[in-house]
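Lettering follows sequence order; numbering is per chain, from 1.
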Amino acid sequence: MPVFEQGYQGYDGSRRSLKVRWWPLFLEEVLPYLKRRRFLFLIILALIPWVWGILLTFFHTQLGDSEGTRQFVKQLPVVDESLFATLLTNGYDLFLLTIVLIWMGSGLIARDRKEGTLEVFLGRAVTPLQYLWAKGAALMAFLLIFTLAPALVMVVFQVGLTGDIAWLWDHARVIWGTLLYTAVAPGTLVLSVLALSSLGRSPRLVGLTFFGIVFLGKSASAIFYGITRNTAAWFFSITDEMKVLAHRCLGAELPEHLAMSPYLTVTFFTLVVAGSLFVLYWRFSKREVLR
Amino acid sequence: MSGVLSFKDVAVSYGSLQALKGVTFEVAGGAVGLLGPNGAGKSTLIKAILGLVSVDRGGISVLGRESRVLGPAVRDRVGYVPEREGVRAGLSGVAWVAFLGQLSGLPRPSAIERAHEVLQYVDLGESRYRNVETYSTGMQQRLKLAAALVHDPALVLLDEPTSGMDPVGREEMLELCADLVKQGKTVLLSTHILKDVEAICSDVVILHAGKVLASASVKDWTKSEAQHYLVQWEGDAEAFVTACRKAGFKAEDGDKGLFRVVLPPGVSPRTLFQLAMEGGGLIQRLVRESTSLEVLFLEALQKNGVAQNAGL
């Protein structure tokens with residue numbers, strides 16, 4: 001019998017476990033971006049400083065002993081914790097990171113609210129926690145492409161080019177410091193963007209709000225610092241807090257103007273994480289996000 | 001609590017506004033109409049089943065599982081057609097339905113195959129590769145039904161599925177719902193269109209201002225439709241009422257010789273003329289009273305002290 005004459009057909013095939021129902025949501029967020037040329041171009045742009053880092057590794061390991069290039073190599077920055085901290089939080093990459101956060105993150109929940117698909121998803125066998133996990137993991141995956149992935153590639157190059165595994169022991173803080181930084185800073189950004197996105201229905205408005213928070217915070221901090229010369233002024237600047245965190249995690253020396261108390265940085269990230277979690281809990285536990 | 005779906009004293013509020021005020025009813029199966037004017041709490045009730053609103057008190061039992069907040073395992077056996085929107089722009093019909101199939105646990109190949117099947121079933125086979133934003137309102141409603149059926153649920157919740165549809169599209173949608181009932185599904189149809197309920201539902205729950213006004217079988221209600229008559233009687237009124245009651249008919253004295261007589265099922269109205277001849281009176285006018293679901297619905301509202309212009 002042709003399919004169009006068969007009428008309704010039941011389904012008695014296999015079903016995946018309830019625990020992995022978030023996976024299609026994760027893929028739904030990630031795959032479309034991987035097909036967008038502009039987005040891929042942005043990622044490539046963000047990797048440029050890391051290419052410089054890999055080149056530095058090459059110069060130090062391959063050209064450092066040669067008579068003709070020794071002087072030149074000596075003038076180059078050393079591949080150590082400090083270089084990693086700089087590469088992780090250079091202004092160029094932080095700007096691109098913010099663009100990606102706005103581009104991808106602002107619509108994560110707001111778009112589902114706008115299109116009414118949020119209640120379709122949560123009306124299925126997907127828990128709010130799984131939904132948030134899928135959305136957060138998708139954004140986090142892209143942020144790690146900007147941060148953790150190139151850092152690890154650079155470590156591999158360093159070890160591979162020198163052929164000396166002892167570098168890992170000598171610079172163990174590069175590994176765990178990078179891991180700690182990429183878990184805390186991008187993790188905090190993801191939570192805060194999710195919380196913002198859960199508050200609105202318009203991805204554009206959410207994006208503008210996030211942009212405003214980031215750049216107004218930085219501007220206000222810069223003005224406050226300009227007037228008072230107090231390093232605590234950077235407390236309200238997300239990007240500068242990230243710089244401080246990266247340098248602290250990697251044990252690198254902070255630029256003089258950013259040498260604020262570590263307690264302030266811990267307080268900042270704790271407040272942002274707690275605030276974001278509170279918003280998400282409030283929006284999802286009582287289903288306020290569906291109203 | 002038993003049956004496919006039962007509510008016991010369920011209350012839901014949005015801040016200070018009480019959307020459901022102690023709702024209690026039970027659905028054994030088949031097609032059930034959830035009838036009420038706009039703002040009666042129909043959509044809230046459906047959302048309460050899916051856990052999309054927070055329930056203040058009471059218990060909901062769905063497919064044998066009872067809880068205030070139903071877990072994913074139960075929602076896995078429920079299909080939901082939302083009233084507004086609920087489709088992802090930028091995706092083709094088949095991609096959207098297949099994606100929701102995957103979200104309901106179907107492996108990707110099965111989800112794609114199943115999406116094609118259900119889209120054929122709802123008569124969107126020809127348009128399945130078009131982007132969903134190009135669909136008409138009727139097509140989007142059918143797409144939402146396909147999405148609700150992709151994982152083969154036992155209970156299908158439809159929130160105003162014929163809203164915004166033309167008469168032909170509405171007819172087709174109702175036919176699909178009726179067919180689903182034939183396939184053994186339980187269908188809960190939320191609507192303010194009485195004819196939709198009359199067309200496919202075996203039971204009806206009337207909701208108003210967050211309360212259940214009545215819950216009964218549509219058949220039982222409409223069965224009485226054929227038995228209500230208005231009789232204009234010329235003669236001894238008392239004798240006519242007595243004769244009716246003796247014959248086993250319910251008769252109520254009205255004004256100006258107008259009587260409301262209810263004949264038991266199967267009794268012909270000719271009997272009234274026989275009674276008239278025997279009693280020496282004259283039936284000047286005999287009108288079959290319209291007691292469609294609409295009249296009964298309005299009666300239910302009146303009985304509960306609700307104004308007739310309830311918004312239907």
Could you report the tightest heavy-atom contact between [X] and [Y], atom names first, then the distance?
{"X": "A:R124", "Y": "B:V150", "value": "NH1-CG1, 4.0 Å"}
{"X": "B:L52", "Y": "A:G123", "value": "CD2-N, 3.8 Å"}
{"X": "A:E119", "Y": "B:P82", "value": "OE2-CB, 3.4 Å"}
{"X": "A:A125", "Y": "B:P72", "value": "CB-O, 3.3 Å"}
{"X": "A:G7", "Y": "B:Y121", "value": "C-CD1, 3.6 Å"}

Looking at [options], which one has more heavy-atom pairs under 4.5 Å with chain A than the rest?
{"options": "B:A89, B:G125, B:G90", "value": "B:A89"}
{"options": "B:Q102, B:R114, B:R88", "value": "B:R88"}
{"options": "B:G86, B:S110, B:A147", "value": "B:G86"}
{"options": "B:Q183, B:R77, B:R84", "value": "B:Q183"}

*asked:* Would the distance check show the side chain of A:R21 and the main-chain N or O of B:S104 forming a donor-acceptor pair, the cut-off being under 3.5 Å?
replied: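 Confirmed, A:R21 side chain pairs with B:S104 backbone.
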
*asked:* Keeping B:R75 on the side-chain end and A:L122 on the backbone end, is there a donor-acceptor pair under 3.5 Å?
replied: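 Such a contact is found between B:R75 side chain and A:L122 backbone.
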
With a 4.5 angstrom heavy-atom cut-off, is it the side chain or the backbone of [X] that approaches chain B, or both, or neither?
{"X": "A:L18", "answer": "side chain"}
{"X": "A:L25", "answer": "both"}
{"X": "A:D112", "answer": "both"}

Should the heavy atoms of other residues, nucleotides or ligands under 6.0 Å from [atom1] of [X] be counted, would the total exceed 12?
{"X": "A:F215", "atom1": "CZ", "answer": "yes"}
{"X": "A:K218", "atom1": "NZ", "answer": "yes"}
{"X": "A:R204", "atom1": "CZ", "answer": "no"}
{"X": "A:W133", "atom1": "CH2", "answer": "no"}
{"X": "A:Y92", "atom1": "OH", "answer": "yes"}
{"X": "A:L129", "atom1": "CG", "answer": "no"}
{"X": "B:K21", "atom1": "NZ", "answer": "yes"}

Supply the atom-to-atom distance [X] [atom1] to [Y] [atom2], rounded to the nearest 0.5 angstrom.
{"X": "B:Y14", "Y": "A:E288", "atom1": "OH", "atom2": "CD", "result": "10.0 Å"}
{"X": "B:S54", "Y": "A:R287", "atom1": "OG", "atom2": "CZ", "result": "7.5 Å"}
{"X": "A:R16", "Y": "B:R108", "atom1": "CZ", "atom2": "CZ", "result": "10.5 Å"}
{"X": "B:W96", "Y": "A:T117", "atom1": "CH2", "atom2": "OG1", "result": "5.0 Å"}
{"X": "B:L103", "Y": "A:Q130", "atom1": "CG", "atom2": "CD", "result": "9.0 Å"}
{"X": "B:L106", "Y": "A:Y11", "atom1": "CG", "atom2": "OH", "result": "4.0 Å"}

*Against chain B, work out which of A:V126, A:L27, A:L118 has the most heavy-atom pairs shorter than 4.5 Å and name it.*
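When all of A:V126, A:L27, A:L118 are compared, A:V126 has the most.
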
Using heavy-atom distances under 4.5 Å, tell me whether [X] contacts chain A through its side chain, its backbone, both, or neither.
{"X": "B:V81", "value": "neither"}
{"X": "B:K47", "value": "side chain"}
{"X": "B:L176", "value": "neither"}
{"X": "B:D179", "value": "side chain"}
{"X": "B:K182", "value": "neither"}
{"X": "B:L100", "value": "both"}

